[in-house]
Amino acid sequence: MATKKMMIICLSKSAHYSFFKFNNMRGNLFFTNSFLKTPFSFLASTIHSNSFSSSSNVDNFEQHPQSIYQKVANLDDALNLFDQMSQRRPLPSIVKFNQLLHSLTKMKHFSHSLHLFKQMCALGVPVTHYTMSIAIKCCCQLYRTNDAFALLGFCFRRSIVPDVFIFNALLDGLILEDRILEAEIFFKKLIKLKLCEPSVVTYSTMIKGLCKVCNNVIAIQLLRLMDEKGCKPSVVTYSTIIDSLCKDKMIDDAFKLFKEMVFQKGISPDVITYNSLIDGLCSLGRRDEASKMLQEMLDVGISPNVQTFSILVDAFCKDGEVEEAENVIDIMLERGIVPDIVTYNTLIDGYCLRGEMTKAKTIFDSMVFRGLVPDVVTYNSLLNGYCKSLKIDEAMDLFNEITRKGLKHDVVTYNTMAQGLFQVGRCADARKIFDEMHGKGLMPDQLTYGIILEGLCNNHQIEEALSLFHLMGDSKLNTDIVVYTILIDGASKCGKLNIARLLFQDLTKMSLNPDVRIYNVMISGLCREGFIMDAKQLFLKMEKSGPPDQVTYNVLLQGYLRNKHFDDVEMLLHDMDGRGYFLDVSTMSLLIDSIAAGSVDTTMFKLIRKTKTVPAKCGSSDWY
DNA sequence: GTAGGGTTAG
């Protein structure tokens with residue numbers, strides 16, 4: 001019954017994407033290190049740092065069944081046991097120490113595990129290659145891969161020959177830190193110098209790294225190579241690439257690989273493979289197909305897990321169908337699957353995005369009632385909700401509450417709070433927020449830069465935004481099309497159309513392909529200043545590179561009507577009709593005024609009747 | 001005597 005219900009709610013609808021989500025980089029961008037003296041100069045003076053505070057997630061702990069120390073179910077037990085063991089004489093066998101370290105690592109208590117390793121060395125416990133592989137793994141997972149390589153020296157001094165497990169951990173560490181090029185060099189060295197025989201894990205890890213930088217083609221080449229070399233790819237190897245293809249919206253290629261895996265290689269997909277495909281389909285708005293995959297998964301006897309449901313909750317929320325998302329949670333409970341914090345956070349975020357804060361708080365309460373402890377992500381969503389509804393005082397209270405609850409603000413918290421302050425025109429306070437973030441040593445991310453630029457532009461401080469942009473120079477941040485979109489929009493709204501035009505021309509120099517959004521922003525700017533012919537020319541130019549969307553037509557139509565350029569109105573309306581595009585309410589009212597004034601032929605009414613309207617906020621240039 | 005890799009959140 002529950003399954004049927006789930007199928008019913010999997011109705012297809014196109015997904016909406018947030019303004020900042022259309023980049024295709026999956027790693028962090030680096031910041032330039034030149035010293036600048038603008039109010040937000042810290043952005044430019046921050047360089048990529050390897051410092052990272054580990055997040056220890058005890059909830060995910062799976063007790064190791066083979067461990068002789070089954071009573072070690074938590075960190076305190078493990079630490080106590082270690083104390084007892086280290087006081088016993090003679091010292092217990094190294095295997096027992098190893099097992100203890102292993103269970104701590106399984107619990108993701110990497111720093112504690114590393115600490116015990118150091119104590120073992122101080123005690124003179126004769127560490128083995130197994131101990132070393134755990135220590136190295138811990139360093140890598142703590143984003144301290146350089147320290148892990150230093151431990152390799154420690155191995156050599158003790159005549160411990162590193163094995164494939166150790167190399168795999170190191171390779172994974174480099175990839176975790178986005179050091180993909182170094183990972184590739186390391187991987188090639190392993191093979192060339194015959195340091196070890198790469199295992200399926202070695203290949204899969206390298207493939208994961210290649211996928212992380214969107215290098216699916218090379219990842220597939222490596223898949224072929226491992227097969228040729230007699231190393232059989234596993235469900236993990238295939239799923240890694242399938243997931244990457246799904247994330248890059250190359251769903252057809254993903255399915256091609258999926259079929260190859262199942263029918264040619266005879267490898268059975270598992271719940272993760274299906275989750276990736278379902279998520280991929282949902283993110284393309286193809287929910288009916290996602291629903292079919294869900295059915296197929298159930299047919300082959302694979303039960304959906306928390307993640308599967310979480311993906312569905314996310315898909316419904318992104319489509320604005322938050323009530324349906326809430327139903328998914330009920331279905332989970334019916335099936336005896338306990339929703340985790342991610343699932344709840346996703347739902348809370350869904351309500352927050354709609355500004356339904358009362359509902360969001362209700363879900364928050366039921367989550368707490370179920371014994372889940374809200375984390376910084378939960379609070380960030382609530383903060384975003386208050387900011388979006390311009391309830392800045394409530395947002396500020398919540399911002400302070402986060403630290404009172406013993407949680408730390410992260411970059412998302414600061415970005416959200418600052419964006420909220422910019423929205424209500426409190427630029428100086430927004431700056432204070434970023435200064436605080438900088439003071440805490442937090443790395444600004446891609447969004448930080450965009451939020452500052454957009455905040456300055458919207459508050460008529462375009463010069464400030466432009467000087468920051470210029471001072472960032474050739475930083476990777478300035479090669480992001482989002483940055484150009486914000487500045488072109490900001491410059492044209494501040495009456496500096498020439499600057500907007502220059503920025504638009506710069507796109508080619510920067511080898512950035514203009515997308516539909518940036519065309520819309522530029523066309524909107526040209527129309528605003530009455531450059532109708534230029535706007536039309538750009539509209540025709542974009543036809544070649546990619547089709548204009550509903551927003552383009554609304555923007556151009558409004559430009560034609562406001563500037564009394566009536567010749568092309570009919571053609572544009574016919575085009576919109578043909579493409580199934582809607583008029584937004586402000587375009588519609590302008591058109592009706594023009595018809596009433598006799599400037600546009602009354603026959604246009606026929607076209608209007610055929611055309612539904614959409615709210616202005618979903619179709620006007622304010623989108624940008 | 002003991003291991004390793006892939007999915008979900010702004």
Side-chain angles (χ1 to χ4, degrees), chain A residues 18-21 64 66-69 93-103 105-106 128-134 136-137 140-141 163-172 175-176 198-209 211-212 233-244 246-247 269-280 282-283 304-315 317-318 339-350 352-353 375-385 387-388 410-416 419 445-447 451:
Chain A
S18 79
F19 184 88
F20 287 105
K21 267 201 159 168
H64 191 237
Q66 280 87 43
S67 172
I68 54 163
Y69 290 107
S93 121
I94 178 65
V95 174
K96 287 175 184 168
F97 278 104
N98 286 345
Q99 284 174 335
L100 186 61
L101 284 195
H102 174 73
S103 48
T105 312
K106 274 269 177 194
T128 62
H129 79 281
Y130 184 54
T131 330
M132 291 314 297
S133 75
I134 295 176
I136 287 172
K137 176 90 194 161
C140 291
Q141 294 297 309
D163 59 3
V164 66
F165 295 112
I166 289 181
F167 290 127
N168 288 347
L170 289 165
L171 188 67
D172 197 34
I175 289 164
L176 210 59
S199 70
V200 59
V201 178
T202 324
Y203 282 109
S204 303
T205 308
M206 192 63 246
I207 285 174
K208 175 179 75 175
C211 290
K212 211 171 169 185
S234 68
V235 62
V236 176
T237 325
Y238 271 100
S239 300
T240 307
I241 308 177
I242 289 172
D243 183 64
S244 179
C246 287
K247 287 205 166 55
D270 62 11
V271 64
I272 299 181
T273 326
Y274 277 106
N275 285 351
S276 291
L277 289 168
I278 291 169
D279 187 46
C282 286
S283 68
N305 62 9
V306 185
Q307 280 91 334
T308 322
F309 286 103
S310 221
I311 288 163
L312 297 177
V313 169
D314 186 47
C317 287
K318 285 219 170 77
D340 63 357
I341 187 151
V342 177
T343 323
Y344 273 109
N345 281 352
T346 311
L347 183 60
I348 290 171
D349 194 55
C352 288
L353 283 173
D375 62 6
V376 68
V377 180
T378 328
Y379 285 105
N380 284 346
S381 291
L382 292 171
L383 190 69
N384 189 35
C387 287
K388 287 266 174 332
D410 64 7
V411 182
V412 182
T413 325
Y414 286 111
N415 283 349
T416 312
Q419 195 174 30
D445 69 4
Q446 256 174 300
L447 294 196
I451 287 166

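Below, each value reflects all heavy atoms present in this structure, side chains not excepted, and no hydrogens, waters or symmetry copies. Every chain is numbered from 1 and lettered A, B, ... according to where its sequence line falls, protein lines coming before strand lines.
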- Query: Whole Å only: how far is the NZ atom of A:Lys208 from the P atom of B:dG6?
  - Reply: 4 Å

- Query: Taking the side chain of A:Asp314 as its heavy atoms from C-beta onward, which of B:dG4, B:dA9, B:dT7 lies nearest to it?
  - Reply: B:dA9

- Task: State which of B:dG6, B:dT7, B:dA9 makes the closest approach to the side chain of A:Thr346.
- Result: B:dA9

- Which nucleotide sits closest to the side chain of A:Asp270: B:dG6, B:dT7, B:dA9? B:dG6

- Message: If you apply the rule side chain to side chain contact (heavy atoms under 4.5 Å, CB included), what do you find for A:Lys318 with A:Leu353, and how did you get there?
- Response: CA-CA 9 Å; A:Lys318 285 219 170 77; A:Leu353 283 173; over 6 Å; no

- What integer distance in Å separates A:Tyr344:OH from B:dT8:P? 21 Å

- Side-chain contact check for A:Thr205: nearest option of B:dG6, B:dG5, B:dA3 is B:dG5

- Nucleotide of B:dG4, B:dT2, B:dG10 approaching A:Asp349 most closely (side-chain heavy atoms): B:dG10

- Message: Once you apply a heavy-atom cut-off of 4.0 Å, does A:Ser381 come out as touching a base, just sugar-phosphate, or nothing?
- Response: nothing

- Task: Quick one: closest heavy-atom pair of A:Thr413 and A:Leu383, and the distance?
- Result: O-CD2, 3.6 Å

- Does A:Lys247 put a side-chain nitrogen or oxygen below 4.0 Å from OP1 or OP2 of B:dG6? no

- Distance in angstrom units between A:Phe167 CZ and B:dG5 P, rounded: 17 Å

- Task: Output the distance between atom CG (A:Leu176) and atom CG (A:Leu171), rounded to the nearest 0.5 Å.
- Result: 11.0 Å

- Item | Among B:dA3, B:dG5, B:dT7, the nucleotide that comes nearest once only the side chain of A:Asp172 is considered | B:dG5

- Message: Base of B:dG4, side chain of A:Ser199 - is there a donor-acceptor contact under 3.5 Å?
- Response: yes

- Is there a donor on the side chain of A:Thr240 or the base of B:dG5 sitting less than 3.5 Å from an acceptor on the other? no

- Distance in angstrom units between A:Ile241 CD1 and B:dG5 P, rounded: 18 Å

- Donor-acceptor pair under 3.5 Å, A:Ser310 side chain vs B:dT8 base: yes

- Query: Is the phosphate of B:dA3, meaning OP1 or OP2, less than 4.0 Å from a side-chain N or O of A:Tyr130?
  - Reply: yes

- N/O (side chain, A:His102) to phosphate O (OP1/OP2, B:dT2) under 4.0 Å: no

- Message: Please classify the nucleic acid contact of A:Thr273 as base, sugar-phosphate, or nothing, using heavy-atom distances under 4.0 Å.
- Response: base

- Item | Closest nucleotide among B:dT7, B:dG6, B:dA9 to the A:Lys318 side chain | B:dA9

- Consider the side chain of A:Asn345, meaning its heavy atoms from C-beta on, and name the nucleotide among B:dA9, B:dT7, B:dG1 that approaches it most closely. B:dA9

- Mind checking the OG-CG spacing from A:Ser310 to A:Asp340? Nearest 0.5 Å is all I need. 5.5 Å

- Query: Counting only side-chain N and O atoms of A:Lys212, is one of them less than 4.0 Å from OP1 or OP2 of B:dG5?
  - Reply: no

- Could you walk me through whether A:Asp279 and A:Asn275 pass the side chain to side chain contact (heavy atoms under 4.5 Å, CB included) test, one step at a time? CA-CA 6 Å; A:Asp279 187 46; A:Asn275 285 351; over 6 Å; no

- Item | Candidate nucleotides B:dG10, B:dA3, B:dG6, ranked by approach to the side chain of A:Asp163 - the nearest | B:dA3

- Indicate, with a heavy-atom threshold strictly under 4.0 Å, whether A:Val200 touches base, sugar-phosphate, or nothing. base

- Task: Send over the distance from A:Leu176 CG to B:dG5 P, rounded to a whole Å.
- Result: 11 Å

- Message: At 4.0 Å (heavy atoms only), tell me whether A:Thr378 reaches a base, stays on the sugar-phosphate, or touches nothing.
- Response: nothing

- How is A:Thr237 classified with respect to the nucleic acid when contacts are heavy atoms under 4.0 Å: base, sugar-phosphate, or nothing? base

- Across the strands shown, which category fits A:Val313 at heavy-atom distances under 4.0 angstrom: base, sugar-phosphate, nothing? nothing

- Measure the distance from CD on A:Gln141 to P on B:dG5 and round it to the nearest whole Å. 7 Å

- Working for side chain to side chain contact (heavy atoms under 4.5 Å, CB included), residues A:Lys212 and A:Lys208: CA-CA 6 Å; A:Lys212 211 171 169 185; A:Lys208 175 179 75 175; 5.7 Å; no

- Query: Rounding to a whole Å, what distance do you find between A:Phe309:CZ and B:dT8:P?
  - Reply: 17 Å

- Any idea which of B:dG6, B:dG5, B:dT7 is nearest the A:Lys137 side chain? B:dG5

- Message: Rounding to an integer number of Å, can you tell me how far A:Leu277 CG sits from B:dG6 P?
- Response: 17 Å

- Message: Under 4.0 Å, heavy atoms only, any strand: does A:Thr343 hit a base, just the sugar-phosphate, or nothing?
- Response: nothing

- Query: With a 3.5 Å cut-off and no angle check, do the side chains of A:Thr308 and A:Asn305 form a donor-acceptor pair?
  - Reply: yes

